[in-house]
Every structure is written in structure tokens, then in C-alpha cells.
Amino acid sequence: MFGLEELQQKVLELKKELNAIIVAHNYQRPEVQNIADLTGDSLELARKCAGNKAETIVFCGVRFMAETAAILNPSSTVLLSHADAGCPLADMIDVERLRQWKEKYPEAAVVAYVNTTAAVKAESDFCCTSANGVEVVDAVPSEEILFVPDQNLGHYVSTKTSKKMILYPGFCNTHAKLTAEEVKLAKQRYPQAKVLVHPECRPEVIDLADAALSTSQMLRYAKQSNHKVFLIGTEEGILHSLREQNSDKEFHLISDGFICPDMKKTTLETVIETMQTRSNVVTVPEEIGIRAKQAIDKMLDIT
Ligand code: CIZ
């Protein structure tokens, strides 16, 4: 058994050895975020890697995020911090199911949330994130949108656009658990708090919030706000950066169980093992990568 300092030291040594950059999603454990060169949301991380000369990107997050990093950084080797860190939401749709839906709605443009496999992105017209869903849908040159796979994010976008939205019935197990009752109870406890929830939450939860924001937007909102107390409706990992960047403010999770089991599979030990064995290499077949990148690039052009 090694202590925290020894584990951190080992990560630093391996980073040098591999000429690696370590990036960690906002939902990662605090000690993993602390050893990362960059923290952020999945797209932010994948894009920031692009300016870096690192031979290896160690992606502390879940598989679809590492795939996006591999697509945007084809000259780097991307290692995922835990072999089994997946995303049940991304797994709710595959290419076959998407093709069936496309046949049902031939006039619709497909907008795929970033929480999808590279193969599903490759079958889609546009990609979007929770930060830019409304902007992307409004800019798509089609009045009918097939939005996959998160129905809650899709519903939230549908309340902000005049486009006709067809929602695929996927959802995030972690965010969909949060109930309106829990939000009401938390608001009674902290009546002065601003309520920030993720757009993957259910519509009735979003209705009770002051804002529905992606993790990167929550960080910006909290920093710029004059408010001192916040209730947070997203995965608990975000509290680490919120508290670090705003030592004069209070942040409370709306519900204690707000934990994504896949994000929590990564530990300092799994990061070290991944780097030592150069394992969990994430690759995207070239033909899929090219088409998935087109959907990502179209989003980037809009935003
Ligand atoms: O794009 C991401 O990183 C996700 C899935 C959520 C967020 O809001 O950061």
C-alpha cells in the first residue's frame, strides 16, 4: 500500500517517461483531478489536448470521452484511465437503432449528444454538448431534429427552440435519479441558495432550478455570481473545482447519492497501472473517425 504522496510521485515519473499529458473530467475523484494537467468537460479536454505536443494522452473519464480525444488528436496515443469506464447513456443507442430511427424520420437532421460512441457520431449530422445544444439545434438547416440519446437534454433544448424535436428515449442513470421532491427539500434547507442543475436532469427538476448548465458553465456561473450559497444538481466530482475556485462560497449537493459509478472507477492506482502497462489504448477506426469528426467539426463551426 502506498500513500497519496508516493502515488502522486509515481504518476509524475510515468508522465515524464511517456511524454504524457493527463486530463481529468470534472466528475473525477479529487485526487485524480489534482494530478491532472487539465480538468474540464469532455469537449474542452479533447480540444485543449490538440494544442499539446504530448505523445500520450491519459484520459481520466469514460470511454466516449477518450474516443473524442482520439478523434481530435490522431497523432497521440490515448489511454483510458480504467478499462471498464463506460457510459450507460451512450450505450442506450447503437448504429443499428439509430439507422432504424433515421428511416422513421427521413426528413430530420440527427443531432447527437457528445455522450455517444464514435460510431453513433459518425452516423449523425451534428454533434452537441450540454453547453451548446440549443445553439447547435437552432443553427441546423432543418426544421426537424432527431435528438439522440438523452431525452432530458433534448427536452430542455426543445423548450428553448422553435424546431420540431424528436427525442430518443435515453437518459443518464445518475442525473435521472434526482427528483423534484429532493430539490424542494434542499431549497427549504437553503432558501437563499441558487439552484444549478445539469440539463440531463428530468424536466420537473429543471423547472425548479435557477439554471440548467453543463459542468463548465456551472464553474463559470459560480465564479461570476454574487451569490454565496449554491445547490448543485450534478455528479459530486464537480464540487472539487467549485470549492477550490470559490473559497468564499458554499456548495451543497442536492442529493447525497449523486455519484456516477463509471466515473468513480478511476483511481490513482488505475491511472498508474494504465500508464505502467500502456494499456487501455483507445482507437477509433479511421473511416468512423473521419465521419465522427465531421459531426464534431460542424458543431465547432457553429459554436
Ligand atoms: O460533456 C461532458 O463532459 C458531459 C458529459 C457533461 C458536462 O456537462 O460536463
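All ligand and atom numbering here is 1-based and tracks the order in the structure.
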Side chain, backbone, both or neither: which part of S130 has a heavy atom under 4.0 Å from ligand 1?
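Side chain only.
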Region of N115 that comes within reach of ligand 1 [heavy atoms, distance under 4.0 Å]:
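Within the 4.0 Å criterion, N115 contacts ligand 1 through side-chain atoms alone.
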[atom1]/[X]: more than 12 non-hydrogen atoms of other groups inside 6.0 Å:
| X | atom1 | result |
| --- | --- | --- |
| Q192 | CD | yes |
| D301 | CG | yes |
| Q8 | CD | yes |
| K293 | NZ | no |

Using a 4.0 Å cut-off to any heavy atom of [X], which atoms of ligand 1 qualify?
| X | answer |
| --- | --- |
| S214 | 8 (O) |
| V114 | 1 (O) |
| Y113 | 5 (C) |
| H198 | 6 (C), 7 (C), 8 (O) |

Below 6.0 angstrom between ring centroids: does that apply to F230 and H252?
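No, too far apart.
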Less than 6.0 angstrom separating the ring centers of F258 and H175, yes or no?
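Centroid distance F258-H175: below 6.0 Å, so yes.
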Does one side chain, of S241 or Q33, offer a donor that lies under 3.5 Å from an acceptor on the other?
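Distance-only check passes for S241 and Q33.
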Are a donor atom and an acceptor atom from the side chains of Y27 and E236 found within less than 3.5 Å of each other?
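The answer is no; no qualifying pair exists.
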Is any N or O atom of [X], backbone or side chain, closer than 3.5 Å to an N or O atom of ligand 1?
| X | answer |
| --- | --- |
| T215 | yes |
| Y27 | no |
| T129 | no |
| H25 | yes |

Considering heavy atoms of the protein only, find what lies nearest to atom 1 (O) of ligand 1 and give residue, atom and distance to 0.1 Å.
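Looking only at protein heavy atoms, the one closest to atom 1 (O) of ligand 1 is S42 OG, 2.9 Å.
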